[in-house]
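Below, chains carry the letters A, B, ... as their sequence lines are ordered, and counting in each starts from 1. Small disclaimer: the values here were computed from a predicted structure and weren't measured.
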Amino acid sequence: MTRVWSWVALAVGVVYFALPLIGTVEFSLRKRRGEYSLDAYREVLGDPRFQETFAYSVVMALVTIAFGILLVVPTAYWVRLKLPRLRPVVEFITLLPLVIPAIVIVFGYIRLFNTSSILPLTGSARGTDLLLMFGYATLALPYMYRAVDTGLRTIDVATLTEAAQSLGAGWVTILGRLILPNVLVAVLSGAFLTFAIVIGEFTMAALLNRPAFGPYMQLLGANKAYEPAALAVIAFAITWACMGLIQLATRLQRHTRAQRR
Amino acid sequence: MPFLDLVSLQKSFGQLRVVKDFSLGIEKGEFISLLGPSGCGKTTVLRMVAGFETPSAGTIRIDGRDVTGLRPNQRNIGMVFQAYALFPNLTVAENVAFGLKVKGADRAEREARVAEMLRLIGLPDLGGRYPFQLSGGQQQRVALARALAPKPRVLLLDEPLSALDAKVRVSLRNQIREIQRDLGITTIFVTHDQEEALSISDRVVVMNGGIAEQAGAPFEIYNRPATRFVAEFVGTLNLLPAEVEDAAAGRVTVAGAPVALGRPVPPGRVTLALRPEAIHLGPVGDGAAALPGRIDDVHFLGSVIRIQASVGDRRILLDTFNRPGLPPPSPGTETRFSFNPADVLVLEG
């Protein structure tokens, strides 16, 4: 009996997740009357605004990932090594972006960094990009911190650090050559999640008036019928590709690959 | 001046004084063991030498130079940890080469040194493996090679054998000692295993409550313990309460039987301490003291026979060698246990 309910639960789950997706794919192929075609995809991919906004968001995602790694890996490492008592506090802080809406954060930014403030970041395109990147990093913080912290939990950070120190290594060497490679899979998980968040983010980019992919999707959705569905499928494909890359990276790491056998 | 000089080291964690006043001079090439129960401060002393803990007071000098304020990566001290601490993302060869790479050694030098170290530890063909592909004993040997590769001035071993099984532990401790002798490197070995400490050390420092109770050669520590703690902690000890009859002449009574120690003892009550191997069954010639007692149990251990017996209301243990022509005594036998008064340690109280 339990087995039957397990199958029912699985079936409900599959229907819940797969049905909307199948419907979206099917709808995105119906642009040409009476037959299935890839016209909607052709139109979307050929749209220069798609290319511009997507390229902009990819660059922003990469910069955000780099900033996130530089911020989170040393912080999580230091908290584990030297300030273990502060872990609950830091974890709480990293969770705040989940309970504070993006719109509140971005209004806070605009108020603090507007053109009449001491640091008028919104006064220039580059300054606003920087602000947007900080915003993205904040939104991705819960995922990045948790991923890295989980990775750090799998290694004996304190002893490995002391072993490296006794061999003459400084902090940069320890972080770059020992800690980071050992939590690389976790970092990549955080990085790909960050990528997925940045690619689809709308609120911050729209309110800071930057040419990102999220506002473009919204714009397209408001004006066209089949193209938004094609765009949604493309966005899904990107997210899944990120997930696949996480798996691939895990498998390609020699020391973890052999451990799994 | 000693090569490694620890002067009045103290360490407190909040209100807790873990190391109270620890001084020790170690000569170049000496193998010193810090022996003591858990929480006695031995690992803290080692960590202060390594630079992982800053002393609350005191000085650490290596070859005359004060290194107390130096960071761990500036001290040129090799360390082997209980949990191996090999870098999981690096191969055995890369682990061994790590310290050399940090120091800026060129590739040829690194490769030569790695090969030399792997030969030294008897694992010349395992350079390409990852740590998880090695047994515990192999991992610890690699950790030793890694610590030795950059030619450190001092080698610190923090309970390196604790995580290994008994057979590997014995062979590896002998190998560590052999390598240490070959290289002539000054070494501090922390352990709570007295057999380990006694078997491989030039000197043993017995620690208790954050101080060094006694430092000396293993023979001296075992046979001439300076304090009651050392006597009781190192080896097995039979304790027999005695009433002093004549303190100046060293005459006492144990379980109603007179014993002449032949040397002055403190007045009042004392405790006579005897190692199991210092007690014999039956008389052992002139000058030996003898106590009446009863054999309770006999354990045949092969080359040694361990006998549990009672003297008055006290239980004692004695060890005798197995002699093929002489069967072990039977439990319940009333006999006399003799010993040489010179082998008796007299403890106050």
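Within a 6.0 Å radius of NZ in B/Lys20, other residues, nucleotides and ligands contribute 12 heavy atoms or fewer. Under a cut-off of 6.0 angstrom, the local environment of CZ in B/Arg65 is sparse, with at most 12 non-hydrogen atoms contributed by other residues, nucleotides or ligands.
With a threshold of 4.5 angstrom between heavy atoms, B/Leu156 does not approach chain A through any atom at all. Interface remark: A/Thr173 contributes side-chain atoms only to the contact with chain B (heavy atom separation under 4.5 Å).
Your options are B/Pro131, B/Ala50, B/Ala83, B/Ala85, and the one with the most heavy-atom pairs under 4.5 Å with chain A is B/Ala85.
Using cut-offs of 30° and 60° on the angle between ring planes, the pair B/Tyr130 and B/Phe132 is parallel. Ring pair A/Tyr77/A/Trp171 is perpendicular by interplanar angle, where above 60° counts as perpendicular and below 30° as parallel.
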Salt bridge (charged side-chain N to carboxylate O under 4.0 Å, His left out) evaluation trace for A/Asp149 with A/Arg153 | CA-CA 6 Å; A/Asp149 196 47; A/Arg153 204 176 296 164; 3.6 Å; yes
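The pair B/Asp202-B/Arg177 meets the salt-bridge criterion, with a side-chain N (NZ, NE, NH1 or NH2) lying under 4.0 Å from an Asp/Glu carboxylate O.
Listed by sequence position, B/Arg146, B/Ala147, B/Pro150 are the residues of residues 146-153 of chain B in contact with chain A, using a 4.5 angstrom heavy-atom cutoff.
Cation-pi check for B/Lys11 over B/Phe13 is met; the charged atom lies under 6.0 angstrom from the ring centroid and within 45 degrees of its normal.
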